[in-house]
Undergrad: 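Below are the structure tokens for one structure; questions will follow.
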Amino acid sequence: DGGITQSPKYLFRKEGQNVTLSCEQNLNHDAMYWYRQDPGQGLRLIYYSQIVNDFQKGDIAEGYSVSREKKESFPLTVTSAQKNPTAFYLCASMMGWNEKLFFGSGTQLSVL
Amino acid sequence: QKEVEQNSGPLSVPEGAIASLNCTYSDRGSQSFFWYRQYSGKSPELIMSIYSNGDKEDGRFTAQLNKASQYVSLLIRDSQPSDSATYLCAVNPSYGGSQGNLIFGKGTKLSVKP
């Protein structure tokens with residue numbers, strides 16, 4: 001089945017630690033996105049990538065980093081500079097302009 | 001700052017009734033509008049998209065768009081308990097390099113009582 005796979009489902013971060021959230025898609029989509037969702041809040045865009053080896057900052061990129069070395073993969077690193085990382089992280093992808101946005105199942109990140 | 005506003009609810013309706021969810025947006029140049037359903041702890045699922053003024057129907061769902069009033073709504077007919085979820089309104093603004101740079105409202109929580 002085609003889709004977007006996010007892992008892990010739950011992740012815990014210690015103080016000063018960098019953690020990486022995985023996102024893999026087999027939909028052959030060009031564009032991929034990372035969103036953050038806080039309780040009772042809408043989704044906020046962290047980073048997006050329209051093609052391999054290129055990515056752009058979203059509205060809340062500070063404290064996060066990404067890479068897009070393969071079309072299928074768009075991992076997100078939450079760095080120690082992100083002081084309030086606890087949130088639900090959603091990866092999404094889209095084939096092209098004005099197409100449907102597909103979401104992965106999400107990763108819940110918490111701070112120990 | 002471009003914004004999308006929704007009543008957070010909760011909106012409670014009896015089973016079989018019509019649920020009406022509303023959304024306003026600030027970017028007058030916006031062209032694409034979406035409604036996503038999100039169950040607790042799950043990822044959003046697209047249920048309706050609308051691009052031109054008027055109504056668009058899909059089964060029990062009807063999306064309504066009024067660009068002059070910068071208003072988009074979602075009607076759910078014959079509401080079922082399984083419709084209980086948070087409904088997110090999303091707007092594609094007139095700026096930004098990618099169609100996926102949607103601006104999301106905070107969502108309206110709908111509860112359908114049996």
Side-chain angles (χ1 to χ4, degrees), chain A residues 3-7 9-10 21 23 25 27 29-52 54-61 66 68 74 87-110, chain B residues 1-11 21 23-27 30-52 56 58 63 72 85-110:
Chain A
I4 303 175
T5 301
Q6 285 188 245
S7 63
K9 187 174 177 65
Y10 299 98
L21 285 60
C23 178
Q25 55 103 354
L27 300 167
H29 285 177
D30 294 312
M32 297 187 73
Y33 308 83
W34 275 105
Y35 288 91
R36 167 178 172 145
Q37 186 176 34
D38 294 279
Q41 302 295 313
L43 278 63
R44 293 184 291 168
L45 183 65
I46 306 173
Y47 267 100
Y48 65 97
S49 168
Q50 295 177 275
I51 56 172
V52 174
D54 186 58
F55 48 83
Q56 306 295 329
K57 292 182 179 180
D59 298 321
I60 56 165
V66 293
R68 186 87 185 275
F74 191 40
F88 188 48
Y89 289 86
L90 287 158
C91 180
S93 71
M94 180 186 290
M95 172 61 81
W97 188 86
N98 219 22
E99 297 284 340
K100 178 178 177 178
L101 193 64
F102 286 83
F103 284 92
S105 57
T107 294
Q108 176 64 51
L109 175 62
S110 302
Chain B
Q1 181 73 17
K2 309 300 182 181
E3 294 182 342
V4 175
E5 300 285 343
Q6 293 182 256
N7 188 325
S8 62
L11 173 66
L21 305 163
C23 172
T24 59
Y25 59 94
S26 62
D27 181 9
S30 299
Q31 298 294 319
S32 310
F33 308 86
F34 307 89
W35 283 99
Y36 286 83
R37 178 177 61 199
Q38 186 176 25
Y39 293 112
S40 181
K42 304 295 184 183
S43 59
E45 173 193 12
L46 180 67
I47 53 173
M48 290 291 286
S49 58
I50 188 165
Y51 306 99
S52 55
K56 179 181 177 182
D58 184 0
V72 58
T86 296
Y87 289 80
L88 302 173
C89 174
V91 175
N92 188 46
S94 55
Y95 65 96
S98 172
Q99 191 70 10
N101 292 8
L102 301 180
I103 298 176
F104 285 82
K106 294 181 179 180
T108 297
K109 188 171 184 178
L110 173 66

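Every chain is numbered from 1, with letters handed out A, B, ... down the list of sequences.
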Undergrad: State the CG-OH distance between B/Asn101 and A/Tyr33, to the nearest 0.5 angstrom.
TA: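 Rounded to the nearest 0.5 Å, the CG-OH separation comes to 6.0 Å.
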Undergrad: If only atom types and distance count, is the side chain of B/Ser43 paired as donor or acceptor with the main-chain N or O of A/Gly104 below 3.5 Å?
TA: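 Answer holds: yes.
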Undergrad: Closest heavy-atom contact between A/Phe88 and B/Gln38?
TA: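 Nearest heavy atoms, A/Phe88 then B/Gln38: CE2-NE2, 4.2 Å.
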Undergrad: Mind checking whether B/Tyr36 and A/Leu43 have side chains closer than 4.5 Å, heavy atoms only?
TA: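 When only atoms from C-beta onward are counted, A/Leu43 and B/Tyr36 do not touch, as no gap falls below 4.5 Å.
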Undergrad: Just so I understand: if I count every heavy-atom pair under 4.5 Å between each of B/Gln31, B/Lys106, B/Lys109 and chain A, which residue has the most?
TA: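 Looking at each of B/Gln31, B/Lys106, B/Lys109 in turn, B/Lys106 comes out on top.
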Undergrad: Would you mind checking which part of A/Gln37 comes under 4.5 Å of any heavy atom in chain B, side chain (CB onward), backbone (N, CA, C, O), both or neither?
TA: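 Side chain only.
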Undergrad: Can you find a heavy atom in the side chain of A/Leu45 that is under 4.5 Å from one in the side chain of B/Phe104?
TA: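 No, every pair of side-chain atoms sits at 4.5 Å or beyond.
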